[in-house]
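Structure first, commentary second.
Order of the sequence lines fixes the chain letters, A, B, ..., with proteins taken first and strands second; residue numbering starts at 1 for each chain.
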Amino acid sequence: MPEGHTIHRLAAEHRARFLDRPVRASSPQGTFAAGAALIDGRELTAAEAHGKHLFLGFGPAGWVHVHLGLFGRYELHEPSGGDGAPPPPPLPTVRLRLEHPRGGHADLRGPTACALITEPEKQALHDRLGPDPLRPPDAPGNDPERAWARISRSRTSIAALLMDQKVISGVGNVYRAEVLFRHGVDPYLPGKLLPRETWLAIWSDLTALMREGVRLGRIDTVRPEHTPEAMGRPPRVDDHGGEVYVYRRTAHPCLICTTPIRTAPLATRNLFWCPTCQPPHPQ
DNA sequence: ATCCGATGTCAAT
DNA sequence: TTGACCTCGGATC
């Protein structure tokens with residue numbers, strides 16, 4: 001589930017449900033029981049996202065820092081039934097439940113991180129994250145030039161750089177594969193060989209794609225003219241719910257040129273690309 | 001019933 | 001480069 005669009009959507013959901021409301025907090029799973037006790041009954045004062053990090057503000061109590069990692073999930077529920085009817089009890093693996101009578105409840109399971117942190121600790125996290133296509137362009141340091149400064153000096157492949165949260169934050173395995181396909185870029189191209197105008201186009205494309213991801217709650221990257229319907233091919237529903245060009249489509253032909261999609265491990269994840277639409281750079 | 005992989009990251013080697 | 005961690009669901013037996 002979790003790339004940056006998921007986290008930004010969660011921040012917005014938390015604001016809509018709980019902002020300025022006193023929430024009940026609990027941790028049936030236990031690992032965060034002490035932290036939950038410290039925020040229980042307090043008002044949510046802020047909810048923001050940077051890359052794949054979620055920050056829930058509880059005034060003087062500090063911030064709950066959440067990172068979903070690979071397996072973390074959120075479930076959001078509307079208020080149950082009649083007036084004041086309590087929600088169903090959380091499953092034992094729920095690390096953090098927040099609830100409010102009119103906001104419903106949010107259940108967090110399996111996160112890599114769920115911890116109460118201070119404002120300076122939060123700032124330290126921001127400081128080590130690269131610019132985020134989903135943060136406002138006027139947010140401090142949220143400038144694609146910062147990413148370009150690193151990419152343009154690096155011998156590392158662009159596919160690995162896109163996954164490096166210090167370079168650019170919020171992009172994960174789906175967006176990296178899809179955005180490189182959309183721009184016809186060889187994933188193995190060293191950053192320093194990527195044309196500057198291609199980088200700026202990739203950044204601006206990520207901004208649009210990820211905003212759409214926040215809006216829809218899924219990753220759709222296929223242009224209207226390439227949808228299976230438009231191409232006269234059978235429609236395909238991807239495992240993650242969206243329509244994509246290459247991510248986990250190794251059993252299928254490329255939507256544009258019918259070449260079989262390739263896969264190989266890169267930067268600890270499985271990379272997917274079309275060797276025809278993204279031709280390898282010379283040697 | 002069991003295995004395996006998954007939209008992630010960090011520390012240890 | 002590998003192993004550890006967190007949880008769940010789909011494939012396989």
Side-chain angles (χ1 to χ4, degrees), chain A residues 1-11 27-33 35-36 49-55 64-76 90-97 106-115 117 121 124-130 132-134 156-157 159-182 187 206 209-222 236-251 261 263-273:
Chain A
M1 315 251 113
E3 294 192 27
H5 69 300
T6 304
I7 315 307
H8 281 262
R9 189 180 166 87
L10 283 169
S27 177
Q29 185 262 2
T31 316
F32 189 58
H50 187 163
K52 301 168 190 169
H53 297 253
L54 176 66
F55 301 98
V64 174
H65 170 226
V66 173
H67 196 296
L68 293 179
L70 193 47
F71 322 119
R73 296 179 173 205
Y74 256 107
E75 258 179 37
L76 301 168
L91 295 173
T93 53
V94 169
R95 182 79 59 86
L96 174 61
R97 166 173 285 193
D107 281 351
L108 168 63
R109 289 186 267 176
T112 284
C114 175
I117 63 172
E121 287 169 330
L125 287 166
H126 289 298
D127 291 345
R128 65 173 175 70
L129 289 171
D132 175 348
L134 288 176
T156 304
S157 69
L161 289 165
L162 283 174
M163 295 287 275
D164 183 342
Q165 304 296 300
K166 299 187 291 300
V167 174
I168 175 173
S169 62
V171 174
N173 204 23
V174 182
Y175 281 121
R176 88 155 163 185
E178 294 299 308
V179 82
L180 290 174
F181 178 90
R182 283 170 59 97
L206 282 170
L209 285 174
M210 294 176 77
R211 275 190 196 144
E212 194 66 354
V214 173
R215 195 171 72 79
L216 298 174
R218 60 167 197 259
I219 299 179
D220 277 322
T221 60
V222 178
R236 169 176 186 275
V237 178
D238 287 284
D239 288 359
H240 67 281
E243 205 66 59
V244 293
Y245 284 108
V246 293
Y247 175 70
R248 288 193 358 178
R249 288 192 79 257
T250 36
I261 300 302
T263 186
L266 182 69
T268 79
R269 316 305 304 285
N270 292 320
L271 171 70
F272 303 87
W273 79 102

Within the pair [X] and [N], is there a side-chain N or O less than 4.0 Å away from OP1 or OP2?
X      : N     : value
A:N173 : B:dG8 : no
A:R269 : B:dA6 : no
A:H67  : B:dT9 : yes
A:Q165 : B:dG8 : no
A:K52  : B:dT7 : no
A:Y175 : B:dT7 : no

Got a list of protein N/O to nucleotides 3-5 of chain C N/O distances below 3.5 Å?
none

Could you measure between the two P atoms, the one in B:dC10 and the one in C:dC8, and give it in whole Å? 23 Å

Using the C1' atom as the point on both nucleotides, what is the distance between B:dT9 and C:dG9, in whole Å?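 It works out to 23 Å between them.
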
Under 3.5 Å: donor-acceptor pair, side chain of A:T263, backbone of A:L271: yes

Within the structure shown, what part of the strands sits under 4.0 Å from A:Q29 by heavy-atom distance: base, sugar-phosphate, or nothing? sugar-phosphate

With a 4.0 Å cut-off on heavy atoms, is A:R128 in touch with a base, just the backbone sugar-phosphate, or nothing at all? sugar-phosphate

What is the distance from [atom1] of [X] to [atom2] of [N], rounded to the nearest Å?
X      : N     : atom1 : atom2 : value
A:L70  : B:dC4 : CG    : C1'   : 13 Å
A:M163 : B:dA6 : CE    : P     : 12 Å
A:H53  : B:dT7 : NE2   : P     : 17 Å
A:L209 : B:dT7 : CG    : P     : 18 Å
A:L134 : B:dT7 : CG    : P     : 19 Å
A:L54  : B:dG8 : CG    : C1'   : 15 Å
A:Y245 : B:dT7 : OH    : C1'   : 19 Å
A:L271 : B:dA6 : CG    : P     : 13 Å

Closest non-hydrogen atom pair between [X] and [Y], with its separation:
X      : Y      : answer
A:L134 : A:V214 : CD1-CG2, 3.8 Å
A:L68  : A:R73  : CD2-N, 3.9 Å
A:G72  : A:P2   : O-CG, 4.4 Å

Counting only side-chain heavy atoms from C-beta out, which of B:dA6, C:dC8, B:dT7 sits nearest to A:R109? C:dC8

Quick one: ring-ring contact (aromatic ring centres under 6.0 Å, His included) partners of A:F181, sequence neighbours excluded?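 So A:F181 forms a ring-ring contact (aromatic ring centres under 6.0 Å, His included) with A:Y245.
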
Under the rule for ring-ring contact (aromatic ring centres under 6.0 Å, His included), what residues qualify as partners of A:Y74, not counting sequence neighbours?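 Checked A:Y74 against ring-ring contact (aromatic ring centres under 6.0 Å, His included); matches are A:H14.
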
A:D107/A:R109 ion pair, N-O < 4.0 Å: no

May I ask you to decide if the ring planes of A:H53 and A:F55 are parallel, tilted or perpendicular, using 30° and 60° as cut-offs? parallel

